[in-house]
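By convention in this document, chain letters (A, B, ...) are assigned in the order of the sequence lines, proteins followed by strands, and residues within each chain are numbered from 1. Hydrogens, waters and symmetry mates are skipped; everything else that's a heavy atom, side chains included, is used.
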Number of protein chains: 2
Amino acid sequence: MDNKKELKIDDNQDKSTERLIFQAAKDVFHRKGLAGARMQEIADEAGINKAMLHYYFRTKEKLFEAIFNEECSGFFAKLAELINVDLPLLDKIEFFVENYIDLLMKNSYIPVFIISEMHHNPERIKDLFIDRIVSVKHKFLGDITTAVSLGLIRPIDPRQLIVNIMALCIFPIAARPMLTFMMEMDDNEYTEFIELRKKEVSKFIINSIKIN
Amino acid sequence: MDNKKELKIDDNQDKSTERLIFQAAKDVFHRKGLAGARMQEIADEAGINKAMLHYYFRTKEKLFEAIFNEECSGFFAKLAELINVDLPLLDKIEFFVENYIDLLMKNSYIPVFIISEMHHNPERIKDLFIDRIVSVKHKFLGDITTAVSLGLIRPIDPRQLIVNIMALCIFPIAARPMLTFMMEMDDNEYTEFIELRKKEVSKFIINSIKIN
DNA sequence: AAACACCTTAACCGTTTGGTTAATACAAAA
DNA sequence: TTTTGTATTAACCAAACGGTTAAGGTGTTT
C-alpha cells in the first residue's frame with residue numbers, strides 16, 4: 001500500500017514513553033517516597049528499559065523534582081480556583097471545605113507525599129511557593145479580616161483560621177492508616193466517614209466563628 | 001589495691017553503647033526516614049563502629065522497629081495520661097489541647113515520622129494500636145457521647161469531634177515547613193504562632209460545640 | 001541511498017549499601 | 001592462671017544501586 005502513511009491512526013502519542021515513565025514514577029514515588037523508590041521498579045512499572053529513565057530525565061533526583069513540581073503546581077492551582085470563587089465568607093468556607101475534601105480524596109496520596117518530602121528537604125519547595133500559594137493565601141486572609149471588621153464573624157487571627165480549615169480537611173486524609181486503626185474502620189466505613197466530614201467540618205467551623 | 005572493685009564508680013552505664021546507638025538511630029531515622037537512613041551515618045553519629053549496630057540490633061529493619069515501637073508507645077502513653085484526667089468534658093478538652101500541643105512541640109518530629117512511616121507500611125503499627133490507643137479512645141468517645149446526651153454540647157458524631165481535635169493539634173506541627181512558607185514566618189514567629197494556638201484551638205472547638 | 005536525528009536496548013561500571021567475619025581486648029569466673 | 005563470655009574493631013563481601021556506553025533500530029531529510 002502506498003498510502004500506508006496517510007492511513008496511520010492519530011500520531012500524537014509520540015511522547016507516550018515519556019508519559020509512561022512519568023506516570024509510573026508518580027505511582028512509585030507516592031508509595032515509597034524519594035529515598036525508597038527504585039529506578040528499576042519505575043522502569044518495570046512503565047514496562048520499559050531502565051536506561052530510558054535516564055534518557056528522558058537525567059537523574060533520579062531530576063525525575064523526582066519534575067513530578068514533585070507538577071504535583072504541587074496542579075494541586076495549588078486547583079486550590080486557588082476554590083479560594084477565588086466569589087461568595088460571602090461563610091458560604092465560601094462551606095464551598096471550599098466540601099470541594100477541598102473532595103479534591104484531597106481524589107488525590108489522597110498527595111498530602112503525605114508533600115508533608116513527608118518537605119520534611120526531608122524543606123528547601124525544595126521554596127521557589128514553588130513564592131507567588132503561587134502566598135498570593136492565594138493573601139486573598140483569603142483579606143476576606144477574613146474584612147469579615148471580622150464588618151462583625152460578620154467573631155474576632156479571630158485570620159492565620160489561625162486558615163490553618164484550622166486546612167488542618168480539618170487535610171489531616172484525616174494524611175493520617176488515614178492511623179485513623180482507620182484507631183476508629184476500627186474498614187475502607188468503606190472510612191470513605192463514608194470522610195463523606196460525612198464534608199458537611200460536618202464546615203458546620204464545625206461556621207459554628208465556631210459565626211456571631212449569633 | 002585489693003579493693004579496686006569496690007571503689008569502682010556506679011556501673012549501670014554498661015548499656016551506654018546500646019543507648020548511644022539507640023539515640024543516634026532515633027535522630028537519623030527522624031530526619032531521613034527508614035529508607036533514607038544509612039547505617040554508617042547512625043554509627044558515625046553514635047561515634048562507634050558500624051558492626052556494633054548489627055551486634056546489638058541484628059538488622060536495620062529491627063533497629064527501626066525497636067525505635068518506632070518505643071516512640072509510639074511512649075507517645076501514646078502520654079496521650080492516655082492526658083485523656084484520663086478527671087475533668088468535665090469542656091475543661092478536659094481545654095486541658096488536653098493545651099498539653100497535647102505542648103507535648104507535640106517537644107517531640108515535633110514524631111507526627112511526620114509516624115504519618116510517613118505508617119503510609120509506607122501500614123501493617124507495622126497494627127499490633128501496637130490494638131489495646132493501646134483503642135482503649136484510650138473508647139474512654140474519650142464515651143465522655144463525648146455522655147455530654148451530648150446530657151445536652152452539655154450540641155449533637156455531634158464523637159468520632160468526628162475526636163478527629164477534629166487531633167487534626168487541629170497535629171497538623172500545624174506536621175506541616176511546619178508548608179506553614180512557615182505559606183505564612184512567611186521565621187522560626188520565632190512559628191513558635192509564637194503555635195504558642196497562641198494552645199488557647200485559640202480550645203476556644204475554637206468549645207465555641208463550636210457548646211450550647212449557649 | 002546516504003545522512004541525520006531520535007528512540008530503545010543489553011550489557012556494563014563504579015559506588016554504596018546492609019551485613020558478616022575473624023581477630024582482639026578485657027574483665028569476671030573457675 | 002586459665003577459661004569464658006561479652007564488647008569492639010578493621011577488613012571484607014555480595015547484592016543492589018544509580019548511572020553510562022556502545023550498538024542498533026526507525027522514520028525523515030537531503
Side-chain angles (χ1 to χ4, degrees), chain A residues 1-29 31-68 117 120-121, chain B residues 1-29 31-68 117 120-121:
Chain A
M1 303 272 184
D2 46 313
N3 57 349
K4 233 189 292 179
K5 262 190 285 187
E6 280 70 26
L7 284 177
K8 245 195 312 180
I9 301 171
D10 189 358
D11 225 10
N12 65 5
Q13 294 281 63
D14 277 358
K15 285 193 162 186
S16 69
T17 302
E18 192 173 339
R19 289 186 164 272
L20 237 54
I21 293 172
F22 205 80
Q23 188 54 53
K26 252 188 197 176
D27 292 346
V28 175
F29 280 132
R31 288 201 305 266
K32 310 280 181 80
L34 169 57
R38 300 288 156 236
M39 295 299 264
Q40 189 59 59
E41 189 180 352
I42 295 173
D44 290 347
E45 199 147 319
I48 48 100
N49 191 288
K50 182 170 70 101
M52 297 302 288
L53 304 183
H54 296 97
Y55 178 77
Y56 284 102
F57 310 83
R58 290 175 44 77
T59 66
K60 184 189 184 186
E61 192 81 18
K62 285 208 164 47
L63 174 55
F64 179 83
E65 242 158 47
I67 286 164
F68 192 75
E117 297 303 334
H120 295 322
N121 185 355
Chain B
M1 303 275 182
D2 45 318
N3 56 349
K4 232 190 294 181
K5 264 190 284 186
E6 282 68 26
L7 284 178
K8 244 196 313 181
I9 302 171
D10 189 357
D11 224 11
N12 65 5
Q13 294 281 66
D14 277 357
K15 285 192 162 187
S16 69
T17 302
E18 192 172 341
R19 288 187 164 272
L20 236 55
I21 294 173
F22 205 80
Q23 188 54 53
K26 253 188 196 177
D27 292 347
V28 176
F29 279 132
R31 289 201 306 267
K32 310 280 180 79
L34 168 58
R38 299 288 155 237
M39 295 298 265
Q40 188 60 59
E41 189 179 352
I42 295 173
D44 291 347
E45 198 148 317
I48 48 100
N49 191 288
K50 182 169 70 96
M52 297 302 288
L53 304 184
H54 296 98
Y55 178 78
Y56 284 102
F57 309 84
R58 291 177 43 77
T59 66
K60 184 189 183 185
E61 192 79 19
K62 286 208 164 44
L63 173 55
F64 179 83
E65 242 157 47
I67 286 164
F68 191 75
E117 297 303 334
H120 293 134
N121 185 354

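What separates CZ of B:R38 from C1' of D:dC17 is a distance of 10 Å, to the nearest Å. Note: CD1 (B:I21) to P (C:dG19) measures 14 Å, nearest angstrom. Rounding to whole angstrom units, CG of residue B:D44 and P of C:dT17 are separated by 11 Å. We find that CD of A:E65 is positioned 16 Å from P of D:dG18, with the value rounded to whole Å. Rounded to an integer number of Å, the gap from CG of A:L53 to P of C:dA10 is 14 Å. Between the P atom of C:dT16 and the CD atom of B:Q40 lies a distance of 11 Å, rounded to the nearest Å. A straight line from NZ of B:K50 to P of D:dC13 spans 14 Å, rounded to a whole angstrom. In this structure, A:H54 places its NE2 atom 17 Å from C1' of C:dC7, rounding to the nearest Å.
Closest to the B:I48 side chain, of the nucleotides D:dG19, D:dT21, D:dT9, is D:dT9. In this structure, of D:dT9, C:dA10, C:dC7, it is C:dA10 that holds the atom nearest to the side chain of A:N49. Nearest nucleotide to the side chain of A:T59, out of D:dG19, D:dT8, C:dT9: D:dG19. Comparing D:dA7, C:dG19, D:dG18 by their closest approach to the side chain of B:Y56 singles out D:dA7. You'll find that the side chain of B:Y55 is closest to D:dT8, out of D:dG19, D:dT8, C:dA10.
Panel note: side chain A:E18, backbone A:Y56; no donor-acceptor pair is recorded below 3.5 Å.
Residues B:L34 and B:N121 form no side-chain contact, since every pair of their non-hydrogen atoms from C-beta on lies 4.5 Å or further apart.
Judged by distance alone with a 3.5 Å cut-off, no donor-acceptor contact links the side chain of A:K60 to the base of D:dG19.
Contacts classified as salt bridge (Lys or Arg N to Asp or Glu O under 4.0 Å) and involving residues 53-64 of chain A (residues at least two apart or in different chains) are given here: A:E61-A:R124.
Using a 4.0 Å heavy-atom cutoff across all strands shown, A:A43 reaches no nucleic acid atom at all. Counting any heavy atom pair closer than 4.0 Å across all strands shown, A:M39 reaches sugar-phosphate atoms only and no base atom.
Of the residues listed (B:F22, B:F64, B:F68), the one engaging B:F29 in a ring-ring contact (aromatic ring centres under 6.0 Å, His included) is B:F64, and it is the only one.
In terms of phosphate contacts, B:T17 brings a side-chain nitrogen or oxygen within less than 4.0 Å of OP1 or OP2 of D:dT8.
Atom-to-atom distance recorded for A:E45:CD and A:R31:CZ is 4.5 Å, nearest 0.5 angstrom.
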